[in-house]
Amino acid sequence: MIGLCLPEMRHEIEALWRECFPNDVTYTPFFFAEGFSPARCAVVTGPEGVETAACFYDVALNTGTEALPFLYLHGGATFARYRGKGNVHRLLAFFEEYCLTHGYWGYLLHAVPKTVLIMEHLSVPAAIRHCQTRCVSPGGVVHDIWSPCALDTFAALRARYVDSVPGTFYWPKDTLPFFYKDACHAGAVLHAELSGETCYAVVEPKPDGLLIREAGCPVDLLPQLVRGVCARMEHDGPVTLITRAGILPQIPGAASEMVYFAHIKPVRGHPALSAALDGNAYFNLCAI
């Protein structure tokens with residue numbers, strides 16, 4: 001059977017996450033305390049209970065004239081003993097039908113190695129790219145004061161740098177609070193005044209360095225942003241900076257490459273989707 005999760009299935013979903021995401025020892029309890037809702041989780045069940053599950057959230061595509069609602073699929077997983085049964089394909093078919101019957105234009109999911117294989121088999125190639133820049137934390141004197149960014153300030157800055165950009169998929173106001181908490185749990189959401197511009201950064205310490213997964217600021221201020229964030233996080237080492245496709249930060253010694261980031265599966269037609277499927281869409285990424 002396929003359908004929405006029942007409240008009593010919560011503990012099975014938690015057990016599924018603990019099996020499939022064993023390295024996320026702090027994230028799983030955080031997610032089920034802050035981000036899980038049975039009404040926003042679809043499951044494939046069998047005689048013994050839950051076999052496969054995926055949570056979903058609302059995102060919106062800014063077409064330049066309107067916002068089209070989409071679903072973002074998150075945390076999809078199958079218990080090892082049930083893999084190879086075609087559950088993932090059945091679940092994705094469920095999401096297509098859900099989109100059609102609930103007014104969504106389609107769904108998105110991240111282009112990690114396992115999903116790439118599945119989606120290519122379904123003829124849904126990755127279509128959203130981002131620019132991934134690797135560098136070493138710049139030295140020099142830092143005068144900017146970076147401080148924690150409250151949710152209302154974060155929302156206002158994202159409205160400027162992210163939501164307003166045509167071709168961008170972004171978190172609408174009902175979804176943003178959880179992903180703000182998600183970002184704070186993983187690292188920090190910071191903001192500062194740079195050359196008279198209020199800018200922000202979503203920062204996450206990683207084993208291989210510091211990840212700046214969002215950077216909301218004018219492009220020419222990106223080097224200054226990286227320097228200030230590294231100083232605030234007391235980081236002196238490798239940095240990875242994520243920006244929109246085509247945004248190449250001018251940081252000495254940096255190397256940038258285009259990386260496919262997410263799949264788009266539309267369920268109905270719209271002119272803006274043709275451009276998005278041609279690689280001209282962004283997902284929660286910024287810099288202007």
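Note: hydrogens, waters and symmetry copies are ignored here, and every other heavy atom, side chains too, is used.
- Clustering ILVMFWY residues whenever any of their side-chain heavy atoms sit less than 4.5 angstrom apart, transitively, puts L194 in the very cluster that holds V219.
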Identify every side-chain donor-acceptor pair in residues 78-86 under 3.5 Å, counting partners at least two apart or on other chains, and give the distances.
| residue | atom | partner | partner atom | Å |
| --- | --- | --- | --- | --- |
| T78 | OG1 | T52 | OG1 | 2.8 |
| Y82 | OH | E48 | OE1 | 2.7 |
| R83 | NE | T78 | O | 2.9 |
| R83 | NH2 | T78 | O | 3.0 |
| K85 | NZ | E51 | OE1 | 3.0 |
| K85 | NZ | E51 | OE2 | 3.1 |

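- Counting non-hydrogen atoms of other residues, nucleotides and ligands closer than 6.0 Å to NE2 of H11 gives a total of 12 or fewer.
- Within the model, atoms NE2 of H191 and OG1 of T153 stand 5.0 Å from one another, a figure rounded to the nearest 0.5 Å.
- With contacts defined as side-chain heavy-atom distances shorter than 4.5 Å, the pair P238/D208 does not qualify.
- For an aromatic pair to be called close, the ring centres must be under 6.0 Å apart, and F169 with Y72 fails this.
- Pairing each heavy atom of F94 with each of A42, the nearest pair is CE2-CB, 3.5 Å.
- In terms of heavy atoms, I128 sits closest to A281 at CG2-O, 3.6 Å.
- At most 12 non-hydrogen atoms from other residues, nucleotides or ligands lie less than 6.0 angstrom from CD of E234.
- Aromatic ring centres of Y27 and F30: separated by under 6.0 Å.
- To the nearest 0.5 Å, atom CD1 of residue I212 and atom CD of residue E214 are 11.5 Å apart.
- Heavy atoms only, all atoms of each residue included: A39 and F56 are closest at O-CZ, 3.6 Å.
- Side-chain contact between P205 and M233 is present, with heavy atoms from C-beta onward closer than 4.5 Å.
- Side-chain heavy atoms closer than 4.5 Å link hydrophobic residues (I, L, V, M, F, W, Y) into clusters, and following such links, possibly through other members, connects F179 to Y170.
- Using a 4.5 Å heavy-atom cutoff, the side chains of R232 and V229 are not in contact.
- To the nearest 0.5 angstrom, D58 atom CG is 12.5 Å from K173 atom NZ.
- Y282 has its side chain out of reach of P166: every pair of non-hydrogen atoms, C-beta onward, lies at least 4.5 Å apart.
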For H235 and V203, run side chain to side chain contact (heavy atoms under 4.5 Å, CB included): C-alpha distance rounded to whole Å, both residues' side-chain angles, the deciding distance at 0.1 Å, then the answer. CA-CA 11 Å; H235 176 76; V203 187; over 6 Å; no
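- For T133 against S256, the heavy-atom pair with the smallest separation is OG1-OG, 2.7 Å.
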What do the steps show when you test E197 against Q224 for side chain to side chain contact (heavy atoms under 4.5 Å, CB included), and what is the final call? CA-CA 12 Å; E197 297 281 356; Q224 186 177 347; over 6 Å; no
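- Side chain to side chain, H263 and Y107 fail the donor-acceptor criterion of an N or O pair below 3.5 Å.
- Put simply, I13 and F21 are part of the same group of oily side chains (I, L, V, M, F, W, Y) that touch within less than 4.5 Å, one to the next.
- In this structure, S195 and L221 have side chains that are in contact, with non-hydrogen atoms separated by less than 4.5 Å.
- For Y200 and W146, the distance between ring centers is not under 6.0 angstrom.
- Linking Ile, Leu, Val, Met, Phe, Trp and Tyr whenever their side-chain heavy atoms come within less than 4.5 Å leaves L16 and L109 in two separate clusters.
- With values rounded to the nearest 0.5 angstrom, L73 atom CG is found 10.0 Å from C55 atom SG.
- A donor-acceptor contact under 3.5 angstrom links the side chains of S137 and D236, judged on distance only.
- Side chain of N62 to backbone of D163: a donor-acceptor contact under 3.5 angstrom is found.
- Expressed to the nearest 0.5 Å, how far OG1 of T63 lies from CG of L68 amounts to 5.5 Å.
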Dump the intermediate steps for side chain to side chain contact (heavy atoms under 4.5 Å, CB included) on F36 and E14, then the final yes or no. CA-CA 10 Å; F36 178 77; E14 289 187 61; over 6 Å; no
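- Using a 4.5 Å cut-off on side-chain heavy atoms (C-beta onward), T240 and Q132 make contact.
- Across all non-hydrogen atoms, the minimal contact from G228 to V142 is CA-CG1, 3.9 Å.
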Checking Y104 against V267 for the side chain to side chain contact (heavy atoms under 4.5 Å, CB included) test, could you report, in this order, the C-alpha distance in whole Å, the side-chain angles of both residues, the deciding distance, and whether it holds? CA-CA 8 Å; Y104 293 94; V267 298; 5.8 Å; no
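- Distance alone, capped at 3.5 Å, is enough to place a donor-acceptor pair between the Q250 side chain and the L248 backbone.
- Contact annotation: the side chain of C135 never approaches that of P252 to less than 4.5 Å [non-hydrogen atoms, C-beta and beyond].
- Side-chain contact check for I2 versus L91: some heavy-atom pair is nearer than 4.5 Å.
- Aromatic pair H110/F261: ring centres closer than 6.0 Å.
- Residues Y260 and L273 are members of separate hydrophobic clusters, defined by side-chain heavy-atom contacts under 4.5 angstrom among Ile, Leu, Val, Met, Phe, Trp and Tyr.
- From H130, atom NE2 reaches atom CD1 of I242 across 4.0 Å, with rounding to the nearest 0.5 Å.
- Using modelled atom types, one side-chain atom of T101 and one backbone atom of Y98 make a donor-acceptor pair closer than 3.5 Å.
- A pairwise comparison of heavy atoms in Y57 and R40 identifies C-NH2, 3.7 Å as the closest pair.
- Evaluated for a ring pair (Phe, Tyr, Trp, His ring centres under 6.0 Å) with W171, the options F178, F283, F70, F154 yield exactly one hit, F283.
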